[in-house]
Amino acid sequence: MTDEINSTEITPTEPAEYVASCDTIEYGFNQESWLEGYDMYYKLYKRKRTILFVVLFLVLGLLFVQQVVMDPTYGVGWMCLAICLAVAVVYALSPWYERKNVQKALPAIENDRYILKIYPEKITVRTILPEDDSQYLEPDESGNLKPYPEIPETVIDLSDKTLKTAETDKMFAVYTKYTQCIIPKGDLSEEELERLRKISRA
């Protein structure tokens, strides 16, 4: 595994002097830290939007309540009221539903390791699958097991205007609107943690 990581340190698109300027941190997976990081991502990027839509459709629902109270035979009003209430409930429950699905998917990555590199203008995260991860292999036409395609590297542009960082007792995280990089603190030295904190001060 170590040889594989070292072999990718320098690529044709990353000259030696450029690679030497980056910080490299290796870390593993921790479900509790990851869920806390996911909750923080929802709070930073999605909670306001969810609240806004719930309130909006409840207000619309109240308008249709007024209509059906004035005219109980107003069928369209009843239908629109039901739609507004249904949409409001869907938005209100969506965070719980999404988190539940995320939690169910996490055991599949519990043995993965990650290589994070901090460059002057970006962060990259590469997933290292376990060597004995044979249960995730699929057979080819001859019946021989072949690995799934390599997981694409995550790239976070440090100039992204939606970039935010978060830190709790259990994890440090770097987010953009469409990416999440959640790092359990248990795998970090104080020096590595300080390198990550510099991102938020850049």
Side-chain angles (χ1 to χ4, degrees), residues 8-15 17-59 87-88 90-103 105-106 109 112-128 150-202:
T8 59
E9 286 296 322
I10 299 175
T11 68
T13 58
E14 295 186 353
E17 60 271 17
Y18 182 69
V19 173
S21 70
C22 79
D23 286 325
T24 300
I25 298 173
E26 181 174 349
Y27 61 96
F29 172 82
N30 177 277
Q31 178 166 310
E32 187 177 1
S33 299
W34 212 99
L35 285 173
E36 187 173 37
Y38 176 81
D39 291 340
M40 184 65 69
Y41 173 81
Y42 171 77
K43 177 181 178 181
L44 291 173
Y45 292 93
K46 302 178 76 173
R47 186 169 66 178
K48 286 184 179 179
R49 183 173 181 271
T50 299
I51 293 173
L52 176 63
F53 274 95
V54 170
V55 171
L56 173 63
F57 280 97
L58 286 178
V59 170
V87 173
V90 168
Y91 270 102
L93 293 180
S94 62
W96 171 84
Y97 183 75
E98 288 178 10
R99 191 182 192 278
K100 184 178 180 181
N101 285 337
V102 168
Q103 189 170 8
L106 291 181
I109 62 173
D112 292 355
R113 303 278 306 167
Y114 303 90
I115 301 295
L116 179 145
K117 295 182 181 180
I118 306 173
Y119 295 95
E121 77 288 352
K122 67 178 181 180
I123 293 174
T124 65
V125 182
R126 186 161 63 91
T127 303
I128 309 298
E150 186 175 346
I151 298 174
E153 185 176 66
T154 298
V155 179
I156 298 177
D157 186 349
L158 294 180
S159 64
D160 191 318
K161 294 183 179 180
T162 66
L163 179 75
K164 296 179 182 179
T165 62
E167 182 178 354
T168 68
D169 292 339
K170 296 182 177 67
M171 63 88 196
F172 186 93
V174 183
Y175 305 111
T176 66
K177 187 175 181 179
Y178 300 108
T179 58
Q180 302 176 48
C181 176
I182 300 166
I183 310 164
K185 277 189 174 180
D187 281 354
L188 302 178
S189 66
E190 187 57 38
E191 180 183 359
E192 290 173 330
L193 188 55
E194 185 56 33
R195 289 184 225 162
L196 290 169
R197 287 173 179 149
K198 288 180 182 179
I199 297 170
S200 60
R201 299 197 292 264

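The first residue in the sequence is number 1, and the count goes up from there.
- Counting all heavy atoms, side chain and backbone alike, Ile182 lies closest to Tyr38 at CD1-N, 3.7 Å.
- Taking every heavy atom of both residues into account, Leu158 and Pro120 meet most closely at CD1-O, 3.8 Å.
- The side-chain heavy atoms of Leu35 and Leu106, taken from C-beta on, include a pair separated by under 4.5 Å.
- Considering only residues two or more places apart in sequence or on other chains, Val55 meets the side-chain contact (heavy atoms from CB on, under 4.5 Å) condition with Ile51, Val59.
- From Tyr42, atom OH reaches atom CD of Gln180 across 13.5 Å, with rounding to the nearest 0.5 Å.
- Not counting sequence neighbours, the partners of Tyr175 by the ring-ring contact (aromatic ring centres under 6.0 Å, His included) test are Tyr41.
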- Task: Determine, step by step, whether Ile109 and Thr127 satisfy the side-chain contact (heavy atoms from CB on, under 4.5 Å) criterion, reporting the C-alpha distance in whole Å, the side-chain angles of both residues, the deciding distance to 0.1 Å, and the verdict.
- Result: CA-CA 10 Å; Ile109 62 173; Thr127 303; over 6 Å; no
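- Annotation: salt bridge (charged side-chain N to carboxylate O under 4.0 Å, His left out) contacts involving residues 161-171, sequence neighbours excluded, comprise Glu32-Lys170, Glu167-Lys185, Glu167-Arg197.
- Rounded to the nearest 0.5 Å, atoms SG (Cys181) and CD1 (Ile123) are 6.5 Å apart.
- The closest side-chain heavy-atom distance from Ile118 to Leu196 is below 4.5 Å.
- Of all non-hydrogen atoms in Val54 and Ala88, the two that sit nearest each other are CG2-O, 3.7 Å.
- Applying the ring-ring contact (aromatic ring centres under 6.0 Å, His included) rule to Tyr27 yields the partners Tyr114; only residues at least two apart in sequence or on another chain are considered.
- The salt bridge (charged side-chain N to carboxylate O under 4.0 Å, His left out) analysis of residues 33-47, with sequence neighbours excluded, yields the pairs Asp39-Arg99, Lys46-Glu98.
- Leu188 and Glu192 get closest at one heavy-atom pair: CA-OE1, 3.5 Å.
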- Item | Full working for salt bridge (charged side-chain N to carboxylate O under 4.0 Å, His left out) between Arg195 and Glu191 | CA-CA 6 Å; Arg195 289 184 225 162; Glu191 180 183 359; 3.5 Å; yes
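- Using modelled atom types, one side-chain atom of Thr162 and one backbone atom of Lys177 make a donor-acceptor pair closer than 3.5 Å.
- Qualifying ring-ring contact (aromatic ring centres under 6.0 Å, His included) partners for Phe53, counting only residues two or more places apart in sequence or in other chains: Tyr91.
- When all heavy atoms are compared, the tightest approach of Val174 to Ile156 is O-CD1, 4.0 Å.
- Annotation: the span from Leu116 atom CG to Arg126 atom CZ amounts to 12.0 Å, rounded to 0.5 Å.
- Distance check: Ile25 CD1 to Leu193 CG gives 8.5 Å after rounding to the nearest 0.5 Å.
- Atom CG in Leu52 sits 10.0 Å away from atom CZ in Phe57 (nearest 0.5 Å).
- When atom types are taken as modelled, the side chain of Asp187 and the backbone of Gly28 share a donor-acceptor pair closer than 3.5 angstrom.
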